[in-house]
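Each remark here refers to the structure printed beneath this line.
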Amino acid sequence: MLSMITTKMDDVLRSDTRMAGSDVEQLLGEARQGQLEPLGQLLQLYRNYLNILATTQLDHRLRRRMSASDLVQETMLAAHRDFGKFRGASEREFLAWLRQILINCLHHAFETHVKAQMRDVRCEISIDQAGLALDRSAANFANALADPGPSPSTPARQRERAVALADQLAKLRPEYRDVIVFRNLQGLSFDEIAERMDRKTGAVRMLWLRAIEKFKQVYEPIEE
């Protein structure tokens, strides 16, 4: 059953995922009626967004045992299974719900792969702390795209802009995407990134420069 759901999700990924909020709300309504395809489309809309957030949250202990894509896949399968519990009606509410599921999956992964083996209370992860970390990551997405001047529409569209940036980063090779996330969105030093990526600091610096140059080539202005 899970493989059938995953296949369906992958099929709808090929469609255009740039949608207005009203389109998302329409899909939410159709999914509430028990239609599987609209729900699959909704989940695929936010795969890149969830993947970026998952990348920022996996520490070195978890990265040895699972990838960000593994964590996202677990999140999407859980969302598909538990959609009947979702009570919101807007894109923002749906994003918040998905992020909470990601937090729960992260917590479970930490308990399963780290705490169970190390038996150390210091390895306990707080869902609240993980939630705050994800909030900061989402805010960094929005700030990275913000115009120099204030815009009345910016606060209301921060989440949408965060999703749009994640989709833009998904055009890059994984190592390019990750180094930009670590450097530009998380603000890590090149030494810290080198440790995370298991590379030398100088190699990471060159990788980041190439990644930024490539991102400039593939980046498309995000419509308001």
Side-chain angles (χ1 to χ4, degrees), residues 6 9 13 17-19 24 41-83 86 88 90-114 125-146 155 157-188 192-193 196-197 211 215 219 222:
T6 302
M9 288 178 179
L13 180 60
T17 58
R18 288 178 294 182
M19 292 188 173
V24 171
Q41 287 181 297
L42 278 169
L43 294 176
Q44 287 297 347
L45 281 173
Y46 305 112
R47 178 187 286 273
N48 294 329
Y49 173 79
L50 291 173
N51 191 64
I52 295 297
L53 293 182
T55 298
T56 69
Q57 299 308 308
L58 290 180
D59 69 7
H60 68 279
R61 293 164 293 185
L62 278 180
R63 285 198 303 275
R64 297 195 194 105
R65 299 169 175 86
M66 69 187 309
S67 66
S69 60
D70 292 333
L71 182 59
V72 169
Q73 189 67 15
E74 290 182 14
T75 299
M76 295 179 74
L77 290 173
H80 195 286
R81 181 191 65 225
D82 298 334
F83 181 72
F86 176 62
S90 67
E91 180 180 34
R92 178 164 294 194
E93 290 170 318
F94 188 63
L95 277 173
W97 184 69
L98 287 178
R99 289 171 56 248
Q100 185 59 53
I101 294 176
L102 176 63
I103 291 168
N104 293 341
C105 289
L106 178 66
H107 180 65
H108 180 263
F110 200 98
E111 288 285 329
T112 300
H113 297 297
V114 180
I125 188 168
S126 164
I127 289 181
D128 289 336
Q129 290 177 351
L132 289 173
L134 292 180
D135 281 336
R136 287 193 295 270
S137 296
N140 284 340
F141 284 155
N143 290 337
L145 291 176
R157 294 186 58 83
Q158 280 188 346
R159 299 267 181 205
E160 295 90 332
R161 292 170 69 122
V163 172
L165 178 58
D167 288 341
Q168 296 274 6
L169 288 171
K171 300 174 184 179
L172 300 175
R173 290 161 45 183
E175 59 267 34
Y176 283 179
R177 177 200 64 211
D178 290 350
V179 75
I180 289 177
V181 169
F182 293 144
R183 180 63 176 173
N184 295 86
L185 301 185
Q186 287 194 279
L188 300 183
E192 291 171 320
I193 299 171
R196 286 205 179 194
M197 301 186 75
F215 189 53
Y219 179 79
I222 296 172

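Keep in mind that what you see is a predicted model, and the values were worked out from it rather than measured.
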Checklist entry - Which residues pass the ring-ring contact (aromatic ring centres under 6.0 Å, His included) test with F215, sequence neighbours left out? => result Y219
Item to check | Option passing side-chain contact (heavy atoms from CB on, under 4.5 Å) with L169 (candidates N48, N184, I52) | outcome: I52
Checklist outcome for this item: Shortest non-hydrogen pair, V179 vs Y176, comes out as CG1-O, 3.2 Å
Next on the checklist: Using the side-chain hydrogen bond (donor to acceptor under 3.5 Å, both in side chains) criterion, which residues pair with S69? Sequence neighbours excluded.
Outcome noted: S67
Next on the checklist: Evaluate V163 against L45 for side chain to side chain contact (heavy atoms under 4.5 Å, CB included), listing each step before the verdict.
Outcome noted: CA-CA 8 Å; V163 172; L45 281 173; 6.0 Å; no
Checklist entry - Should the ring pair W97 and F86 be called parallel, tilted or perpendicular, given that the plane angle runs from 0 to 90° and is split at 30 and 60? => result tilted
Next on the checklist: Do R177 and P174 make a side-chain contact, defined as non-hydrogen atoms from C-beta onward lying under 4.5 Å apart?
Outcome noted: yes
Checklist entry - Going from CG on D70 to CZ on R63, what distance comes out if it is rounded to the nearest 0.5 angstrom? => result 14.0 Å
Checklist entry - What residues form a salt bridge (charged side-chain N to carboxylate O under 4.0 Å, His left out) with E93, not counting sequence neighbours? => result none
Checklist outcome for this item: By side chain to side chain contact (heavy atoms under 4.5 Å, CB included), A68 pairs with (sequence neighbours left out) N51, A54, T55, L58
Item to check | Separation between CD of E91 and CG of L98, rounded to the nearest 0.5 Å | outcome: 10.0 Å
Item to check | Those residues that, when tested against R81, pass salt bridge (charged side-chain N to carboxylate O under 4.0 Å, His left out) (two or more places apart) | outcome: none
Next on the checklist: To the closest 0.5 Å, what do you measure between CG (N104) and CZ (R99)?
Outcome noted: 12.0 Å
Checklist outcome for this item: Rounding to 0.5 Å, atoms CD (E74) and CG (L71) come to a distance of 6.5 Å
Item to check | Any L62 side-chain heavy atom under 4.5 Å of L106 side chain | outcome: yes
Checklist outcome for this item: From the list T56, L53, L165, side-chain contact (heavy atoms from CB on, under 4.5 Å) with L185 holds only for L165
Item to check | Point-to-point distance, once rounded to the nearest 0.5 Å, from CD of Q57 to CD of Q186 | outcome: 7.0 Å
Checklist outcome for this item: dist L102:CG -> T75:OG1 (nearest 0.5 Å) comes out at 4.5 Å
Next on the checklist: side chain to side chain contact (heavy atoms under 4.5 Å, CB included), that's the test. Do R183 and E192 meet it? Break it down for me.
Outcome noted: CA-CA 9 Å; R183 180 63 176 173; E192 291 171 320; over 6 Å; no
Next on the checklist: Restricting to side-chain hydrogen bond (donor to acceptor under 3.5 Å, both in side chains), what partner residues turn up for D82, sequence neighbours left out?
Outcome noted: none
Item to check | Minimum heavy-atom distance M197-D178, with the two atoms named | outcome: CE-CB, 4.4 Å
